[in-house]
Structure formats: structure tokens, C-alpha cells
Number of protein chains: 2
Amino acid sequence: MISDRQLRILKAIINDFIDTAQPVGSRTISKKYPLGISSATIRNEMADLEELGYLQQPHTSAGRIPSDLGYRLYVDSLINPHSISVEEKELIQSLLLHKIIEATDVANQASELIANFTHLVSIVTIPQFNKCKLANLKMMKITDAKVLLILVTNTGVVKSLQLALTNTDQFILDKISDTLLNSLIGETIENIDVRSILKMKEKLQGFGNIVDYLIPILRDALKGLNETELYLKGEENLLTISEFNDSDKARQLFNFFKSEESLLELLKTVDPNRISIKIGSEIGIDVLEACSIITSSYKVDGKSDGKILVIGPKRMDYGNVISIVNYISNTLSELFSGINL
Amino acid sequence: MISDRQLRILKAIINDFIDTAQPVGSRTISKKYPLGISSATIRNEMADLEELGYLQQPHTSAGRIPSDLGYRLYVDSLINPHSISVEEKELIQSLLLHKIIEATDVANQASELIANFTHLVSIVTIPQFNKCKLANLKMMKITDAKVLLILVTNTGVVKSLQLALTNTDQFILDKISDTLLNSLIGETIENIDVRSILKMKEKLQGFGNIVDYLIPILRDALKGLNETELYLKGEENLLTISEFNDSDKARQLFNFFKSEESLLELLKTVDPNRISIKIGSEIGIDVLEACSIITSSYKVDGKSDGKILVIGPKRMDYGNVISIVNYISNTLSELFSGINL
DNA sequence: GTTAGCACTCACATATCACGAGTGCTAATC
DNA sequence: GATTAGCACTCGTGATATGTGAGTGCTAAC
């Protein structure tokens, strides 16, 4: 087992390393942290902590740095609780709750906010639109060949889709829109299948051929809605992180972030039920060996749906990141559940 | 004056430098380029070219690199004409002309395309929406407190704006939308002022108080439309460019790109009438001293409006970039003028 | 159990050196 | 007179040696 004093020393070492990015020596600890013990004693404890696997030495005559196991212990029991300031909360509220209407904009803005507050890389996905219920629907003529289909969910999320529909008239589009809305309102988007559209064809006797033409287009358009979209922000922050300012490391990470498949794969591993932290090798991805990932999710109508992910070096300010992720995920949950709309 | 042979040598040197990023020596030129003269002769000519200011020597015993003046001569008269392949054209067409409907998406996609094709940094701005004519308009209820105003221009560009409007009914919104559209159709967005909205108030006698409430909201929403929006893509490409893989240089550029004001300032200098190239010091911005910028613009309804900007190292493949920028700007001009819609 | 003291280690910074790519100049050649 | 071969010279780069110091582990004293 690990003693109380060892824990305090470990915490001091990790805090110092998070600050300085340099291997921490025993003298540094004894001078900077008021533990009331000499550097020699700390040296002994450090040797023990290394044997236990919580620390490691880059080379014989260097100080210690935390191992993944050390970080694990740290995040599980040692991080300083943090809470974000009122000003930050107000900024988040004002940016997320006002002036934004499309789900994509919300996710985009949220991701930007997280990246700016943490100075790390952030990913936010938008909730699976097709699990929401339809609340409003309109078709608008755009040009002679294009029609815009606009869908609004009961959670206040807007999606617009382009349909290739020639020779239509706005009057007819309005009629069809109204009929469609009346038959489909309250239905979840994913349940809007050809069957339910066909049913409504009867009600539109006068417009038979347009409806025939519309059905497959509508079906294809709705199918496209269940792709996961993700919003990645703050890549540029990687450049200011000493771990990655070897431009090769940075490039590797940039390339990883460029590949949407890799990111989707990574997103699949997010535990939707709680904030979770993965450290270095725990992530299981070579490129991210030097990183830690903090994940969370937010709920739409009580069901967990959208995901939040922050990627940074292992020596990140976990307390701070957690509090920000937490606050944003709560805000998004409220937002998409319509509480604040 | 500069002789024909000197021109050929200068061209060879710049081409080689663009390839290798290394100072070019006389022997390299004599071996790689079939100019039919010996390295000694080339050496003499290079000394002359340096005296004329077209070349410079990083240090005494190194080869030559082009000066800004050398690049200037090169882009003015020596670049190899390039034309993009049919496959590339098709890719651009298919990505820009299909599935996209909002102006923001078009600019976003175009910028992404340019960045991918050139492996450089690209900026595309969207046309001043408020100079276009209104073609369609609808208001949609989203939640009890929010209404979505959707505007469509005669060029097929869609903009949606959120209005804070409580206690409305979709039926009333439809009525108001129709009346608004009827009075405003064909009007340029910037001409839709309070006066014209007021005029239409008469026609909506039954909805007096809602209209009163709506007018200031509408005015504010329309005011927000003339902000320049810009889409920056390809920053990550900077990392693979040897000029910037000193992570400090890269960071400086990333910071520059982060600052929207700097970029808007830069965009102001774009000559709307033709493709233009600025090299290094010609740009007049310290951070971009090592860069060249290629700018162009595209037209909406015959008036030049949107801007395109490519930023890269001085030793970029000018011919290639020009052809891509050219093609994209033409495609966007067509797109926003509705020819292909 | 704690701490002072000391020999030891090793990354990092600095100085030194050899190499070679590239130059300018001169003299021979076409 | 233009071109080219030849050669001494320059100087950045990369390799090698050297010194410094932060930090360690261990021992012995407290």
C-alpha cells in the first residue's frame, strides 16, 4: 500500500510537472512544497514510488516524471477541485443560448469555447437528429431546380436539406408541406419512412405526380441525417504545448485529427454515462500515447446523445478541464432538451 | 538589362529552389538543366544576377536563392502555365454545385478544396448577402420563444436568422411571411429598411401588435447580415512546409490566422479586378515576410464580391495555385450568379 | 525514522575540428 | 571575346571531445 505521505509527495510531483514540464527533483519538492521533510527523505520516498510504478526516471541522474499509473492515481483521488468563474459561466451561456439556432452552430460554438478555455483540442458531436421528434416542417423554393426542406424538432433543432425538385410552385410546396407536417408531427425523424409518407399521399390527391417524385428524394434526404457530424477545434493549441513542439509530433497529431474515420472510431469509445479520463496507453492509440483524453456526453430529451471530448498532453490541468467539460455538457443538455428555449 | 540566357538561368534556379528548398549551386544547374553551358559560365551569370538584385546568397560559400525581385520577375514572365485536370474540375464541380445550399457552406467547401489542392492556406469570403435581391422568405416557429426567419436571394443563396418572438402561431407567421414577401420581393436586402416594412404594416391590419413587435427585431437581424464572414482552411499544411517547421514560425502564423481583424485587414487589400500576386515584403506584413499571397475574387450578379486568398511560402507552385484559384473563382461566379442552379 | 554528506551518473551545452559544397578568380581554350 | 577548366578560399554543417551541474543512491550520523 501507499502511505499518506507518499500520496502527498506524488501529488506535489505531478502538480509541479504539470506546471514546468520538467522532471521533478527531490530538492525542488522540499523547497517549493511545505511538506516538512528533507530532500533526502523525499528521495527515499521517490525511489519507493518508482518501485511501485507511480513514477519513472527518464535517465539515472534526472528527476522523476509521473507514469501513466501515477497520473491514474492522481486523477482518481488527487486532483484539485476546480470550479469555473461566474464570468466564464456567463460567457458560455451568452454564446450558447443566444443567436444560435442550428444544431451545427451550437456544436461548433461549444467546441470552440472548450478549446479556448482549456487551450487544448476539443471535439463536440451533434445529437443524432433522427431520434428527435418533428415539430415543424416547410419547403421553400430556392431556384427553378432547388427546393429547401427545413425540419424543426421538438428540441428546437433546425436542419435544412436541399432537394432537387424542378418546376415547382411555392403555393404547391406550401400545401404539401402542411399536409406532410400534419401527418408527421410528433413522429421521430427516424420513424418517418416511406410507409408513412405514402399514407399521406392519399391526402394529396391533386398533386399525385409531384408527390410520387418527392418520395424517393425525401427518403434519401432523411437517410443522410444519421451521419455523425463532429466539430473539432483548437488544433492550433498543440503548437504551444511543449510535448508536441517537435514539429514531427505535431504533424502526426494534425494528421490524426484530419482523418474523420479515426476520430469517429475514437468517439465510439466514449462512455455516455459519466465523465471519463483516459491516460496515455489507456487510450490504445499509438499517436495519442503522449495524450490524455477527457470525455463526456450530453443528453437530448433525457437520452444521452452528443459527445464531448478534450484531448491534451498527459500533464494537463485535469481539474480545470473537467469543470469546463462538465459545465458545457450540462448547458448543452439543457439547450437541446428545450428547457431554456 | 537582363539577357535571355540570364532569364533561363534564373528560371532554372527558381524552379529548382521551389523543388528542393535548398540554395542552388552553379553545378546543380549545369547538370540538371540542359542549358548547354558550363558551371563556370553559370557562376558568372549568377554573380551578375545577384548584382542585379534577382538572387541572393545566404552566405559566401552557399548557392543562390531568389530574392523577392527574382520571384517578381518569375511570376510576371516565367511561370510554367498550368491547367488543372478534368478529374479535378469534375471534383470541384461535384462538390460545389451539388448538395450545398447555404452560402456559408459553399465558401467553406471552396476554401477546403483550395487548401487540399494547393496544400497551402486558403481563405474564401462569402459575398455580401445584402446586395442580393430577395426571392423568397418564410418564418417558422421553432419553440415558444424562437422563430426562424429564412431568406432566399435570387442567386439561390439561403440565410437563416433567429428571431426572439414569443407567443406566435405558425398560421399568423405564414400570413405575415406572405405579406412581407409580396412587398419585398425583388428588393435588394440592403434596401429593406424600416420604411418599406412599415408600408406593409397597413396590409396587416389584423396583426398590428405583432408587426410592431417584429419590426425592430427584423431590422436588427438584417443589420447583422453585412458582416464579412471568412472561411480559413488548410492551416495544418503549414506544418509540412520546411520554411515553417521551426515550430516558432508556425506558431506565429497560426496566431496571425487566429486574429480575424488581421485577416479582414489583409482582405481589404485584395484587388477585385484580377488575380494578383504579392511576394514577401510586398505584402507589408511582418509575419508574412516569408510568404507569398495569391488573391482573386468572384462575382455575384456581375459585381465582384467574394474574395479568394491563398497564402503559402514564396517558393510555392505559382502556376498550379493560379490555375486552381482561377477555376474556383469562375465556378463560384457561376454558382452565385445562378447560371448553374 | 530522518537527514547531512558525498561520490557518482548522465543529459546538455560548449568548444574544437574535419569535411565538402560552393564560390570567385585566373589562365588556357575555342 | 566568350567559355571553361582549375584551384585556392570560405563557411555552414555535422561529428567528436570536454566540462558543467542537476539529481541521484548510499552511508553514516543524529
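Letters go in sequence order (proteins before strands), and every chain restarts at 1. Computation of the quantities below employed the complete heavy-atom set of this structure, encompassing side-chain atoms and omitting hydrogens, waters and symmetry-equivalent molecules. Only a predicted model underlies this, so the values are computations on that prediction, with no experimental measurement involved.
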Rounded distance (Å) that lies between atom [atom2] of [N] and atom [atom1] of [X]:
X: Leu35(A); N: dT3(C); atom1: CG; atom2: C1'; result: 15 Å
X: Arg27(A); N: dA4(C); atom1: CZ; atom2: P; result: 11 Å
X: Ile65(B); N: dT23(C); atom1: CD1; atom2: C1'; result: 16 Å
X: Asp16(A); N: dG23(D); atom1: CG; atom2: P; result: 10 Å
X: Phe17(A); N: dG23(D); atom1: CZ; atom2: P; result: 13 Å
X: Ile29(B); N: dT23(C); atom1: CD1; atom2: C1'; result: 15 Å
X: Lys31(B); N: dA21(C); atom1: NZ; atom2: P; result: 11 Å

Would you kindly say whether Ser323(A) and Ser83(A) are connected by a side-chain donor-acceptor distance under 3.5 Å?
->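 Side chains of Ser323(A) and Ser83(A): no pair found under 3.5 Å.
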Heavy atom of residues 52-62 of chain A under 4.0 Å from DNA chain D: which residues?
->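 Contacts with DNA chain D under 4.0 Å: Gln57(A), Thr60(A), Ser61(A), Ala62(A).
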May I have the step-by-step check of side-chain hydrogen bond (donor to acceptor under 3.5 Å, both in side chains) for Ser281(A) and Asp68(A), ending in yes or no?
-> CA-CA 7 Å; Ser281(A) 53; Asp68(A) 285 7; 2.9 Å; yes
DNA chain C-proximal residues of residues 39-48 of chain A, any heavy atom under 4.0 Å |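 Heavy-atom contacts with DNA chain C come from Ala40(A), Thr41(A), Arg43(A), Asn44(A).
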Considering all heavy atoms, the nearest [X]-[Y] contact:
X: Ala62(B); Y: Gln57(B); value: O-NE2, 3.1 Å
X: Asn320(B); Y: Phe117(B); value: ND2-O, 4.1 Å
X: Glu282(B); Y: Ile277(B); value: OE1-O, 3.9 Å
X: Gly280(B); Y: Ser292(B); value: N-OG, 4.2 Å
X: Glu236(B); Y: Phe254(A); value: CB-CD2, 3.4 Å

Assess whether side chain to side chain contact (heavy atoms under 4.5 Å, CB included) is satisfied between Asn108(A) and Val124(A), documenting all intermediate values.
-> CA-CA 7 Å; Asn108(A) 210 23; Val124(A) 173; over 6 Å; no
Any Arg5(A) side-chain nitrogen or oxygen under 4.0 Å from OP1 or OP2 of dT2(C) |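 Result: yes.
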Does Arg64(A) put a side-chain nitrogen or oxygen below 4.0 Å from OP1 or OP2 of dG25(D)?
->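 Checking dG25(D) against Arg64(A), a side-chain N or O does come within under 4.0 Å of OP1 or OP2.
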Would Thr295(B) and Ile308(B) count as a side chain to side chain contact (heavy atoms under 4.5 Å, CB included) if you check the C-alpha gap in whole Å, the side-chain angles of each, and the deciding distance to 0.1 Å?
-> CA-CA 6 Å; Thr295(B) 62; Ile308(B) 298 175; over 6 Å; no
